[in-house]
Every structure is written in structure tokens, then in C-alpha cells.
2 protein chains.
Amino acid sequence: MPRRAPRSRRSDCPISITLELLGDEWSLLVVRDLMFKGLRTFQEFANSGEGIASNVLAERLARLEAGGIVSRERDAEDRRRVLYRLTEKGIDLAPVMVEIVLWAARHERTGAPEATVAAMRHHREGFLAEIRQRWEATAGAQSPDSPLRPSPESS
Amino acid sequence: MPRRAPRSRRSDCPISITLELLGDEWSLLVVRDLMFKGLRTFQEFANSGEGIASNVLAERLARLEAGGIVSRERDAEDRRRVLYRLTEKGIDLAPVMVEIVLWAARHERTGAPEATVAAMRHHREGFLAEIRQRWEATAGAQSPDSPLRPSPESS
DNA sequence: CGCATCGACTTGCAAAGTGCAAGTGGTAGC
DNA sequence: GCTACCACTTGCACTTTGCAAGTCGATGCG
């Protein structure tokens, strides 16, 4: 149990709060694997390319779960396996991820497929809607938890 | 010289590349200070609230400069002072920052002013345009460097 | 000038975190 | 029952962080 949720934050700045939760070299890669690649298990994350160490991966998954960004449950069909999934809070990171991809595609030499980048840039809303739909589709027996989320979009 | 620019990246994924450059708990705070708070000097960053250690701040500034996100130059009026500034690549992080703020404002208890968040949410383009204008305004004797940036926005 | 100050970093450590290799402990399959 | 799988732990060397103190080239001022 390396580090638990900070009882007191260093500041109440939204950027700072986000960085305390996601500000490391690995957390967003797990989010990426869940959001774009459809990966769901520890093994899959571990082998997804960048070579995260298993202890670091375990700690990050625990932190993401504690932060309410991913949920975990044992696979009913193979009880050895644990299936991770983005929560609503997690899938809400999609706009952030998209902007990161667009920024990197513009300023760095990336391997992102041109078509995907173009879709993100020119059909942003549709792209985001599609991601959310895919997420909802993989819901399985989604527990009816829509607990937080103060203001949906209105006002 | 703790760590230099990686000669080989762990992957060509845009998320991964961005995390190698900005994926830590401090770099984006410096970007925030430059982008939203108008801070420009080492001291100002050091005292901006979250309490970054001076050696870490120095290393981050060097890394951000090496990554082309900030530029530095000595103040002409007080040669002790170094003035940092976002580059074009740096100011292009504004959409990422805005999405982070919106996400955090929705899912965490932040101290972000309600009016600012509302402006980001409902007048996103205008908000971004304003940030860029403020950035251009502080240009001083802006060197005419618009070197990269493959596709501006068109296509 | 002479000297205290300032601003931007270094340096020295102890403590915390990371990467790697090798376990552990429940399933599953046969 | 035995081996394999999967999700983690554990040990340990190595690196990075956080904190305090120091360096070094400007100012400011008497």
C-alpha cells in the first residue's frame, strides 16, 4: 500500500488536483489502453508496449481505482481474471485524451494514424460520442451507479 | 544533468510521447503559471503555491525548454532575472489545460472560480482565443520563429 | 568602490519511488 | 493431484525527490 489518497491536497487548483491523481508517466497509458484499445486485464496492460513494471502497474491500478477512474471486478467466466473498466469519471477523460493526441500530432512525430487524428480534429463531437458509445456498449451488467456528477452540462 | 531528452522513445503513441515530456506532477503546473497566471520568473514559480523544490523546478524548466515548450531569456532591464515564456508549442497546450480544468471541476472539489469554468465550458473557443491573445500581447520582441507546425488547421 | 542583497540555480543527503527478477496464492484445466 | 495461469508481492539495486544550505553573477546604496 505505497501511497493512499492524499488526506490533504497541496492546493485546490484543478490542474494540481488532476496532477496529483494522474500526473505520472504511466496512469494515462492505462486510461488509453482502456479507452482506445479496449484492453481490460492486468496482463494486457503489462504487455501493451511501453513496458510498465508489474509492481508499478499494480500500484497505478490501485490508485486509479481509489480515485474513482477505473473499477475492477473478477471475471465471472474465469475467476482468476480481473476485468478493469473505466468509470463514468474515467470515460470523461476522453476530451483530455483527444486534446493531448491532437497536440502531440501537431508538434511531435507520432505514429498516430492520420485518419484518426483527422477525425478527432474535424469531427470532435462525433468522435467523442463514439468513444462513449463503445464504452456504454461494453457495460456488461453495469451497476446503476450514477452517484456524483454535480452539473451534467446545463446551466 | 539528471536526465536528457530521450534518444529513443518507448513508443510512438502520442499519449506516451506527451507523457515522457509532461508526465510528472510539476511540469504542467509551470505551464499553468505561465498560461493562466502570467508568472514569468523562477521565484514566482517557486512561490506559486504548491511548493515545488528549487532543484526540481530547475530541472523541469530545463526539460520544458529542451522540449520546446518554454523559452528563456535574461531580462534586459535587470540582468539578474530570467524571464520564461511559453513558445507556440507551449501555448498550444491551452486546449489540453482547459479540458483538464473542466474535468476536474466536474469530478473533484476544486477551487476554480465558477465563472471561469463556465466560460471555458460555454465559450470554449472565445476563451482559448483570449488566452492566445494575451500570450501574443506579452510577446515583447518576439523572435519571428514559426518554424514547425505542419498543418495549421486546414485540410 | 565596498558590501549587503537578490535572483537563479547547485550541491549534499536522507527518504521515497522505480525497474527488474523472482516469488505467492488463488483458480482452471486435465 | 499436478501443472499452468493470472494478478499481484517482495527484495534489492538504482534513481529521483524534498529539504536545507551554498554558489555566483548582477544590482542597490552609502
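Numbered from 1 within each chain, the chains take letters A, B, ... in sequence-line order.
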Task: Nucleotide-resolved protein contact map, nucleotides 25-30 of chain D, B/S/- at heavy-atom distance under 4.0 Å - done: BBS---

Identify which nucleotide among [options] has an atom closest to any side-chain atom of [X], counting heavy atoms from C-beta outward.
X	options	value
B/Gln43	C/dG12, D/dT9, C/dA8	C/dA8
B/Trp26	C/dG19, D/dA7, D/dG18	D/dG18
A/Arg72	C/dG19, D/dC8, C/dC9	D/dC8
A/Ala53	C/dT18, C/dC20, D/dG18	C/dC20

Round to a whole Å and report the spacing from [atom1] of [X] to [atom2] of [N].
X	N	atom1	atom2	answer
B/Arg40	C/dG7	CZ	C1'	16 Å
B/Leu83	C/dA8	CG	P	8 Å
A/Asp24	C/dT18	CG	P	7 Å
B/Leu57	D/dT17	CG	P	12 Å
B/Arg60	C/dA8	CZ	C1'	17 Å
A/Leu39	D/dA7	CG	P	12 Å
A/Asn55	C/dG17	CG	P	12 Å
A/Glu50	C/dG19	CD	C1'	16 Å

When you measure from the side chain of [X] to the backbone N and O of [Y], does any donor-acceptor pair fall under 3.5 Å?
X	Y	result
B/Thr87	B/Gly68	yes
B/Trp103	A/Gly90	no
A/Arg74	A/Arg79	yes

Open item on the list: Any base atoms under 4.0 Å from B/Tyr84, or only sugar-phosphate, or nothing? Heavy atoms, all strands.
Closed with: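 If one applies the 4.0 Å heavy-atom cut-off, B/Tyr84 turns out to touch the sugar-phosphate alone, with no base involved.
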
Open item on the list: Check this for me, if you would: do A/Asp75 and A/Arg80 make a salt bridge, where the nitrogen-to-carboxylate-oxygen distance has to be below 4.0 angstrom?
Closed with: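 Looking at A/Arg80 together with A/Asp75, the answer is no, because their closest N to O distance does not fall below 4.0 Å.
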
Task: B/Arg124, CZ: over 12 other non-hydrogen atoms inside 6.0 angstrom - done: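 Yes, CZ of B/Arg124 has more than 12 neighbouring heavy atoms, counting only those of other groups under 6.0 Å.
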
Task: Sequence neighbours excluded - salt bridge (Lys or Arg N to Asp or Glu O under 4.0 Å) pairs with any residue from residues 41-55 of chain A - done: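 Listed once each, the pairs are A/Arg32-A/Glu50.
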
Task: Worked verdict on A/Ser16 versus A/Arg10 for side-chain hydrogen bond (donor to acceptor under 3.5 Å, both in side chains) - done: CA-CA 8 Å; A/Ser16 175; A/Arg10 59 186 179 185; 2.8 Å; yes

